[in-house]
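Shown next, in structure tokens, is the structure this report addresses.
Treat the numbers as computed from the prediction; the structure is a model and nothing was measured.
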Amino acid sequence: MTFVPPNGTVATPDRALDKAALYANARRAAAGFRALGLGPGGAVATLLRNDIPFLEAALAANWIGAFVAPVNWHLRGAEVRAILADSGATVLAVHTDLLAEIRPFVPDGVRILAVEPSPSLVAAYRIAGADARAPGDLDRWEDWTSGFEPVAGPPMGRFTMIYTSGTTARPKGVTRAVTDPEAVRRAMATVADAFGVRDGMSALMTGPMYHSATFAFSFGSLAFDSDLFLMPRFDAEELLRLIERQRADTLHMVPTMFGRLLRLPEAVRRRYDVSSLKYVVHGAAPCPPSVKRAMIDWWGPAIHEYYGSTEAGIVSVASSEEWLARPGTVGRPRAATAVEIRDEAGAVLPPGQEGELHMRLNASTGFVYRNRPDMDEGTAEGAWFTNGDIGWQDEDGYLYLCDRRKDMIISGGVNIYPAEIEGVVCDHPAVRDCAVFGVPDDEFGEAVAAAVEAGDAVSEDEIRTHVAGRLARYKVPRIVTFHDALPREDSGKIFKRRLRDPYWAGADRRI
């Protein structure tokens with residue numbers, strides 16, 4: 001069977017490739033992987049920022065039936081080693097400036113391929129000259145791949161091993177192997193429907209592609225006759241400049257990006273023409289209502305919100321119109337994904353009652369946890385899966401999220417959902433973001449703590465008074481701390497574990 005690549009280009013600030021050239025490079029890399037002994041069931045790890053070799057390596061792995069395991073390049077050496085060992089990767093493609101941190105931790109038997117960062121990456125991350133060059137004892141990606149003839153035939157399927165962010169626990173590898181062409185087509189259709197991916201679009205990738213949603217957005221874009229531009233690093237004004245210059249119409253965003261855009265001076269925001277935007281989808285973390293309304297006021301009905309997870313895939317999408325009519329909704333479940341709200345005994349709850357969300361996995365979302373057979377019950381196609389999210393549905397089937405069960409605070413026997421408190425705290429005009437979590441309390445078991453990122457001066461008492469005027473007294477934070485910046489993933493998710501763990505060090509139990 002002959003493979004015909006889609007039309008369009010993939011570009012960075014330094015370089016543009018038409019998709020025919022991109023796929024030819026990927027097929028050369030696939031031949032190289034095969035020469036290293038890789039094949040079906042093998043794994044290629046990437047420790048790469050947003051760059052064309054990321055796409056080439058992932059496409060190449062799938063071409064020969066190997067999994068691609070994108071690794072968060074923020075992780076430290078021991079964390080990277082744990083993922084490499086767990087994934088079983090025998091090849092690692094890595095940007096050269098990241099080598100010093102991780103090379104001593106790379107397991108024996110893993111072949112390292114060095115990717116020299118592009119000039120725009122060098123500038124964006126202030127990479128020293130020597131760190132931008134491949135060491136003499138390692139193969140340079142471009143040189144290595146050019147030494148092979150492209151493999152023939154189409155890709156063998158979609159093979160991904162995406163590690164969960166690990167913001168609250170050890171990352172888990174979520175593996176999917178989709179070989180049936182019809183199942184691949186359905187998976188692409190789901191991405192296209194939720195993320196606005198389509199023929200003729202001009203898309204900008206604003207966030208790191210190692211994240212499951214941005215990975216899906218990027219690789220969905222490659223399957224269509226469309227253009228994709230990779231931002232080296234998110235910068236609010238640079239995004240506006242690119243939207244105007246590229247006439248970009250499709251973006252994937254996270255709420256922290258919205259916040260940075262809205263903090264630009266009004267004169268800067270008005271300087272750029274964003275009228276080309278047609279579909280801007282955001283997810284990965286809750287968006288404060290005030291931020292969402294401000295973005296809809298600015299960018300209009302192009303704003304869409306999705307709910308999903310690495311495991312469950314895309315569950316629901318809400319348009320601007322739906323959200324304005326039902327503030328807080330994340331939309332109605334997609335046709336391919338049934339949702340039930342269940343109580344602690346497993347009984348299905350009626351509309352309006354809060355419980356744990358369970359999603360029925362379809363052919364494109366069934367998965368297996370890597371090396372975790374104890375956790376694989378309920379992950380196959382057709383099974384009902386839950387990742388512990390708490391929510392409810394209204395009479396029309398629209399879904400609302402409360403929080404995650406693992407984040408729930410139990411104080412004096414009362415369940416407290418941090419997301420509710422976070423939403424109220426974030427409505428304070430001085431607050432940029434907030435993380436609420438439980439800390440030990442001798443009398444009640446747990447007390448409420450709030451870590452606040454504030455742009456202007458604000459006191460603990462002001463935060464408590466603000467919450468007390470809107471929520472029950474037992475939801476008012478006992479502890480309030482202030483931070484210049486909360487620890488977070490580029491995806492926008494806050495590392496609550498880093499904020500919470502010091503309070504629980506030495507305690508009898510840890511949430």
Side-chain angles (χ1 to χ4, degrees), residues 160-176 187 190 194 211-213 216 283-286 305-318 328-394 397-410 415-420 422 436-438 491 493-494 496-497 510-511:
T160 57
M161 192 182 302
I162 308 290
Y163 278 79
T164 59
S165 60
T167 55
T168 56
R170 179 167 64 90
K172 301 182 293 293
V174 178
T175 65
R176 288 189 172 91
T190 299
H211 186 267
S212 59
E305 181 173 0
Y306 69 90
Y307 163 66
S309 67
T310 303
E311 291 93 337
I314 301 162
V315 176
S316 62
V317 180
T329 186
V330 291
R332 279 191 288 207
R334 315 310 283 168
T337 306
V339 170
E340 291 182 349
I341 310 297
R342 301 180 184 177
D343 64 17
E344 294 183 359
V348 178
L349 295 171
Q353 291 195 24
E354 296 176 359
E356 192 168 47
L357 275 66
H358 290 253
M359 290 77 72
R360 187 189 289 277
L361 302 177
N362 56 51
S364 64
T365 57
F367 69 94
V368 172
Y369 283 119
R370 177 72 174 177
N371 295 327
R372 304 290 288 273
D374 57 309
M375 300 183 67
D376 281 338
E377 182 179 354
T379 66
E381 175 188 351
W384 286 93
F385 170 80
T386 180
N387 53 8
D389 286 339
I390 305 296
W392 57 280
Q393 285 181 289
D394 64 19
Y398 282 87
L399 186 61
Y400 300 76
L401 300 180
C402 302
D403 217 317
R404 301 197 71 179
R405 185 171 297 282
K406 70 173 78 174
D407 285 339
M408 187 171 65
I409 301 166
I410 304 176
N415 294 344
I416 300 173
Y417 297 121
E420 179 185 26
E422 289 165 353
V436 171
F437 48 92
S491 67
K493 292 183 180 179
I494 295 173
K496 283 192 180 182
R497 175 165 47 89
R510 179 191 300 264
I511 59 172

Between the CG atom in Asn387 and the CE atom in Met359, the distance rounded to the nearest 0.5 Å is 4.5 Å
Residues that Ser212 engages under side chain to side chain donor-acceptor pair (under 3.5 Å), provided they are two or more places apart
Thr310
Report the distance from atom CG of Leu357 to atom CD1 of Ile341, rounding to the nearest 0.5 Å.
4.0 Å
Do you know the tightest heavy-atom contact between Arg360 and Trp384?
NH2-NE1, 3.0 Å
Just by modelled atom types, is the Val315 backbone N or O under 3.5 Å from a matching donor or acceptor in the Thr337 side chain?
no
By salt bridge (Lys or Arg N to Asp or Glu O under 4.0 Å) - contacts of Glu340 (at least two apart):
Arg342
May I ask you to check whether Phe367 and Tyr369 place their ring centers less than 6.0 Å from one another?
yes
Tyr306 and Ala213: which non-hydrogen atoms are nearest, and at how many Å?
OH-CB, 3.0 Å
Which heavy atom in Ala318 sits nearest to a heavy atom in Gly331, and how many Å separate them?
CB-N, 3.5 Å
Spatial distance of atom NZ (Lys172) from atom CD1 (Ile162) [nearest 0.5 Å]:
14.0 Å
Return the CH2 to CG distance between Trp392 and Leu399, rounded to the nearest 0.5 Å.
9.5 Å
Do you know which two heavy atoms are closest between Gly397 and Pro333, and how far apart they sit?
O-CD, 3.5 Å
Using a 3.5 Å distance criterion without hydrogens, assess whether the side chain of Arg176 forms a donor-acceptor pair with backbone atoms of Glu311.
yes
About how many Å separate CD of Gln393 and OH of Tyr400, when rounded to the nearest 0.5 Å?
10.0 Å
Distance (rounded to the nearest 0.5 Å) between Arg370 CZ and Met161 CE:
4.5 Å
Sequence neighbours excluded, the answer for side chain to side chain donor-acceptor pair (under 3.5 Å) partners of Thr175 is none
